[in-house]
Amino acid sequence: QVQLVESGGGLSQAGGSLRLSCVASGRTFSTYDMGWFRQAPGKEREFVAAIRWNGVSTRLAESVKGRFSISRDNVKNTVYLHMNSLKPEDTAVYYCAADREGVLRTGPGDYDYWGQGTQVTVSS
């Protein structure tokens, strides 16, 4: 069992930056691939970024490439989403998730554990 708690969301102006954090409980964090997803009102949850258990490989959605990055610290049981050049269309609730078996998978159904989400609002 893994419990995930996100933080770092808030309000930003367009062009600004935010860093989201997701802290995991349990000693098996370093064995999970981790992902970030987001869900805007009235829309389906969509993939944003993923990182392999060892941090060597990452994958980003096309819509955030060049602006967002993902990293992790397995000593601190934490995964981060670094968001730069924010746009109003990045406004959503952001969720982190853990995947026991995958290789940088992008489907929400592929992930086994989820956090409660953190709101990111970008004003124009």
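Note that this is a predicted model, so its numbers are computed, not measured.
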Does the side chain of [X] reach to within under 4.5 Å of the side chain of [Y], using non-hydrogen atoms?
{"X": "Leu104", "Y": "Thr58", "value": "no"}
{"X": "Trp114", "Y": "Cys96", "value": "no"}
{"X": "Asp99", "Y": "Asp112", "value": "yes"}
{"X": "Phe29", "Y": "Asn74", "value": "yes"}

Considering all heavy atoms, the nearest [X]-[Y] contact:
{"X": "Ala50", "Y": "Arg105", "result": "CB-O, 4.3 Å"}
{"X": "Thr78", "Y": "Ser21", "result": "CG2-CB, 4.3 Å"}
{"X": "Ser69", "Y": "Leu60", "result": "CA-CD2, 4.4 Å"}
{"X": "Ala14", "Y": "Pro88", "result": "CB-CD, 4.2 Å"}
{"X": "Lys65", "Y": "Glu62", "result": "NZ-OE2, 2.7 Å"}
{"X": "Ser25", "Y": "Asn77", "result": "C-ND2, 4.4 Å"}

Decide whether [X] and [Y] are clustered together by the hydrophobic rule: side chain heavy atoms of Ile, Leu, Val, Met, Phe, Trp, Tyr closer than 4.5 Å, transitively.
{"X": "Val122", "Y": "Tyr95", "result": "no"}
{"X": "Tyr111", "Y": "Val64", "result": "no"}
{"X": "Ile51", "Y": "Tyr113", "result": "yes"}
{"X": "Ile70", "Y": "Leu86", "result": "yes"}
{"X": "Tyr80", "Y": "Leu20", "result": "no"}

Do other residues, nucleotides or ligands put more than 12 heavy atoms under 6.0 Å from the CD atom of Gln3?
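Counting other residues, nucleotides and ligands, CD of Gln3 stays at 12 neighbours or fewer.
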Please report the interatomic distance [atom1]([X]) to [atom2]([Y]), rounded to the nearest 0.5 Å.
{"X": "Gln13", "Y": "Thr121", "atom1": "CD", "atom2": "OG1", "result": "13.0 Å"}
{"X": "Asn54", "Y": "Arg72", "atom1": "CG", "atom2": "CZ", "result": "8.0 Å"}
{"X": "Gln116", "Y": "Ser7", "atom1": "CD", "atom2": "OG", "result": "8.5 Å"}
{"X": "Arg67", "Y": "His82", "atom1": "CZ", "atom2": "NE2", "result": "15.0 Å"}
{"X": "Ser71", "Y": "Met34", "atom1": "OG", "atom2": "CE", "result": "11.5 Å"}
{"X": "Asp90", "Y": "Ser63", "atom1": "CG", "atom2": "OG", "result": "7.5 Å"}

Would you check if the distance from the ring center of Phe37 to the ring center of Phe47 is below 6.0 Å?
yes
Does the Lys NZ or Arg CZ of Arg100 fall within the cation-pi geometry relative to Tyr32 - under 6.0 Å from the ring centre and within 45° of the axis?
no
Using a 3.5 Å distance criterion without hydrogens, assess whether the side chain of Asp33 forms a donor-acceptor pair with backbone atoms of Trp53.
yes
Start with the C-alpha gap between Val120 and Leu18, add the side-chain angles, then the distance that decides, and say whether side chain to side chain contact (heavy atoms under 4.5 Å, CB included) holds.
CA-CA 9 Å; Val120 171; Leu18 288 172; 3.9 Å; yes
What verdict does the side-chain hydrogen bond (donor to acceptor under 3.5 Å, both in side chains) test give for Tyr94 and Arg38, after you've listed the backbone C-alpha separation in whole Å, the side-chain angles of each residue and the deciding distance to 0.1 Å?
CA-CA 4 Å; Tyr94 283 71; Arg38 65 187 182 186; 2.9 Å; yes
List the steps and the verdict of side chain to side chain contact (heavy atoms under 4.5 Å, CB included) for Arg19 and Leu81.
CA-CA 6 Å; Arg19 187 185 75 166; Leu81 184 67; over 6 Å; no
I'd like to know if the side chain of Ser17 pairs up with that of Asn84 as donor and acceptor (distance under 3.5 Å, no hydrogens or angles considered).
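The criterion, which ignores hydrogens and geometry beyond distance, is satisfied for Asn84 and Ser17.
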